[in-house]
There are 2 protein chains.
Amino acid sequence: MADNSNQSSNMGILIRSNLDQLTSKERIVARTLLNQYPTAGLCTIAALAEIANVSGPTVLRTIKKLGFKSYGNFQTMLRKELQLGFEAPLDRVNKSETSPNTDAPFVPYAEACLQNIGLANMSVNSNEFNAVISLIANENRPVFLLGGRFTDSLARYFYFHLHIIRPHVHIVPQQRETWPEVIYDLGVKDIIIVFDVRRYQRDVLLFCEQAKKRGSHIILFTDQWLSPIATIADHIFPMPTAVPSQWDSAVSTLVLLECIVAKLNERNHKSINARIKKLEALRQPLHSDLIGKEVP
Amino acid sequence: MADNSNQSSNMGILIRSNLDQLTSKERIVARTLLNQYPTAGLCTIAALAEIANVSGPTVLRTIKKLGFKSYGNFQTMLRKELQLGFEAPLDRVNKSETSPNTDAPFVPYAEACLQNIGLANMSVNSNEFNAVISLIANENRPVFLLGGRFTDSLARYFYFHLHIIRPHVHIVPQQRETWPEVIYDLGVKDIIIVFDVRRYQRDVLLFCEQAKKRGSHIILFTDQWLSPIATIADHIFPMPTAVPSQWDSAVSTLVLLECIVAKLNERNHKSINARIKKLEALRQPLHSDLIGKEVP
DNA sequence: ATTTTTTTGTAATATAAATTACAACAATAA
DNA sequence: TTATTGTTGTAATTTATATTACAAAAAAAT
């Protein structure tokens, strides 16, 4: 019975490495713990026993064999481990002086992004998604894009694609001095697409509050901690951003934006393609910057 | 008191949207729940009360005001939400396919992106990656970022992070009229980070050719069909871009950029954090955009 | 087959947690 | 100031949870 009660490494490793010292029923408990990580271990003993189809005391014996003083102690450890994974990037880096992973530097980061996209996949509500598509697809409703310090380039990326696809797409300029004019003209037909992640910007919130007062529709892209704009937004997309970095990731949001563009395009590709053709014709005389035209 | 006990959407949204109906102490409880998501809510009432510096009953009142039948009910909901986030992305996607999820429009696109990131993972050469990191980490070498029509926002995204991390980072302005001055001053110490995807822009190529003549180091991010700049670039990252859309995806490139930023940061996080602190201090007097400060 | 050892569950007990009732306190209005 | 309302904490109560003791059952050894 190893004393692991004070080590905070990894619950999964701990359980797995002690698996062979457990009896058959106890092993079922351990497997349940792994299979339904982390929530199984956060239930009561009775609930966990029920899931694993064993008795309460068997659960308790398992936990003790894994080296925990009590079930409560085990749960505390689990919670600590959990919190680490959920903590703000800054804290994370400082706490765990990361191991020098010299050889395959791209892998862990890419994996975290995969995870995030999967998460986004789950958290994006289909109805909300489709509602937003319909909203933006309506060319009679002007669209205004607004980003914060960290999200400006996302707003620009979306702007670039949207205003190829449809008319009346505008990006709210960075200079706040120009905002009053923009806000003054907003109305019930207008759609505000706003990006706001930590640290949330008060000025962006103020813009949205004014827009809301004028009846504009607000679509918010934010992080899992939710911008305060969430309280007034009509549609909210909380995107996962956790990666092994001091900085948050914008990847899952970009995936969603690209997907929205793809869907809009799909929805009325005929008129859009006609529009693109005309735009190209217009671009030609302005400057010819083509080199190796289309590639098969 | 809304009945949210059965909705499984997002705990964060729920809490934030009911924030204004709470009393001051109750709001502290709610903020603690958000700040230490998810573990605060998995503690006992007493423990949560301790963290928030309120009494047990205040915690309970908060939970009830948020629409939960009991504290246990609240915890069950939290656990359910948690479990969703911890399931492997693939399992999750498969699950949502089996259930009559009408049409999950996000899934195929997200899967294509996952594919692309995996591909990028394969194609990014570790040596090249590390060489580029070392290059950019050298603060004595000025960095110039240049993007095309489609990649401008990527260049900006990278610029935004790089110039927080280190000095002498510049973005080449969109207006070509200003380019001669930029090019004229380029030399062997300068690093050009250029983004060029189909349809490749002649002007961007011309810029790079001039830079090359002056001995500058060129790092190229392009698509799988390779920009003509590839023939003169010192480092080339061909990123996969195929998605079920009329437009190419920038997701895998963004992952790589973020990863580079993360690695640079890791490499000398001490000096960078000092730099960030000073930058923040400088920002403070300019505008104070803080809203929900830290909770004990 | 019988004993011994190990594993598991049942039921009782002790402990800890949630919940309730009520009183003190603070804020607001008359 | 005083009455009124709303907010918060204390202490009692109830509920449920973990833990223990012990016996039944299963497995292994003699």
Side-chain angles (χ1 to χ4, degrees), chain A residues 1-6 11 15 18-33 36 38-80 82, chain B residues 1-6 11 15 18-33 36 38-80 82 295-296:
Chain A
M1 193 193 287
D3 177 44
N4 302 297
S5 54
N6 284 324
M11 197 61 71
I15 295 175
N18 287 53
L19 220 52
D20 50 347
Q21 291 171 37
L22 303 176
T23 68
S24 65
K25 293 270 169 148
E26 288 168 354
R27 214 170 296 135
I28 293 175
V29 175
R31 285 239 170 268
T32 307
L33 247 23
Q36 273 171 252
T39 58
L42 296 165
C43 297
T44 62
I45 288 184
L48 176 50
E50 163 110 38
I51 298 170
N53 258 313
V54 297
S55 69
T58 300
V59 169
L60 194 61
R61 277 188 289 262
T62 311
I63 298 301
K64 293 226 167 139
K65 268 199 189 173
L66 291 173
F68 298 98
K69 283 194 286 287
S70 68
Y71 191 72
N73 175 242
F74 160 70
Q75 288 193 317
T76 304
M77 293 298 150
L78 230 187
R79 271 200 302 270
K80 271 189 192 164
L82 248 186
Chain B
M1 195 194 291
D3 177 43
N4 302 298
S5 53
N6 283 324
M11 197 62 71
I15 294 176
N18 286 56
L19 220 52
D20 50 348
Q21 291 170 36
L22 301 176
T23 67
S24 66
K25 295 269 170 158
E26 288 168 352
R27 213 168 298 134
I28 292 175
V29 175
R31 284 235 173 267
T32 306
L33 248 23
Q36 272 171 252
T39 57
L42 295 166
C43 297
T44 63
I45 289 185
L48 177 50
E50 163 111 36
I51 298 170
N53 259 314
V54 298
S55 69
T58 299
V59 169
L60 195 61
R61 277 188 289 261
T62 310
I63 297 302
K64 293 231 166 131
K65 267 197 188 172
L66 291 174
F68 298 97
K69 283 194 287 286
S70 70
Y71 191 72
N73 174 240
F74 160 71
Q75 288 193 318
T76 304
M77 293 299 149
L78 228 187
R79 272 199 303 270
K80 272 189 191 166
L82 246 187
V295 175

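All values reported here derive from a predicted model rather than from experimental measurement. Here is how names work: the chains are called A, B, and so on, in the same order as the sequence lines, proteins then strands, and each is numbered from 1.
Considering only side-chain atoms of B:Thr58, the nucleotide from C:dT20, D:dT19, D:dG9 that sits closest is D:dG9. When distances run from any side-chain atom of A:Pro57 to the nucleotides D:dT20, C:dT19, D:dG9, the shortest one goes to D:dT20. Residue B:Val54 places its side chain closer to D:dG9 than to any other of C:dG9, D:dG9, D:dT8. The side chain of A:Thr44 has D:dT17 as its nearest neighbour among C:dG9, C:dT20, D:dT17.
Between B:Lys64 atom NZ and C:dT19 atom C1' there is a gap of 7 Å when expressed in whole angstrom units. Taking atom CD1 on A:Ile45 and atom P on C:dG9, their separation rounds to 14 Å, with Å as the unit. To the nearest angstrom, P of C:dT7 lies 10 Å from CZ of A:Arg61. Residue A:Leu60 contributes atom CG, which lies 15 Å from atom C1' of C:dA16 at whole-angstrom precision. Here the P atom of nucleotide C:dA17 and the CD atom of B:Gln75 are 11 Å apart, to the nearest Å.
No side-chain heavy atom of B:Gln75 sits less than 4.5 Å from a side-chain heavy atom of B:Phe68.
A sub-4.0 Å separation between OP1 or OP2 of D:dT7 and a side-chain N or O of B:Ser55 is absent. In terms of phosphate contacts, B:Ser70 brings a side-chain nitrogen or oxygen within less than 4.0 Å of OP1 or OP2 of C:dT19. Look at B:Lys25 and you'll find a side-chain N or O under 4.0 angstrom from OP1 or OP2 of D:dG9. In terms of phosphate contacts, A:Lys69 brings no side-chain nitrogen or oxygen within less than 4.0 Å of OP1 or OP2 of D:dA18. Look at B:Thr23 and you won't find any side-chain N or O under 4.0 angstrom from OP1 or OP2 of D:dG6. Contact check, A:Ser24 against D:dA26: no side-chain N or O comes under 4.0 Å of OP1 or OP2.
Between B:Leu22 atom CG and B:Arg61 atom CZ the span is 12.0 Å, to the nearest 0.5 Å.
With respect to B:Leu48, the side chain to side chain contact (heavy atoms under 4.5 Å, CB included) criterion is satisfied by exactly one of B:Leu42, B:Val54, B:Leu33: B:Leu33.
Remark: B:Arg27 CZ is packed, more than 12 non-hydrogen atoms of other residues, nucleotides or ligands lying under 6.0 Å away.
Inspection of the B:Glu26 and B:Thr23 side chains reveals an N or O donor paired with an N or O acceptor under 3.5 Å.
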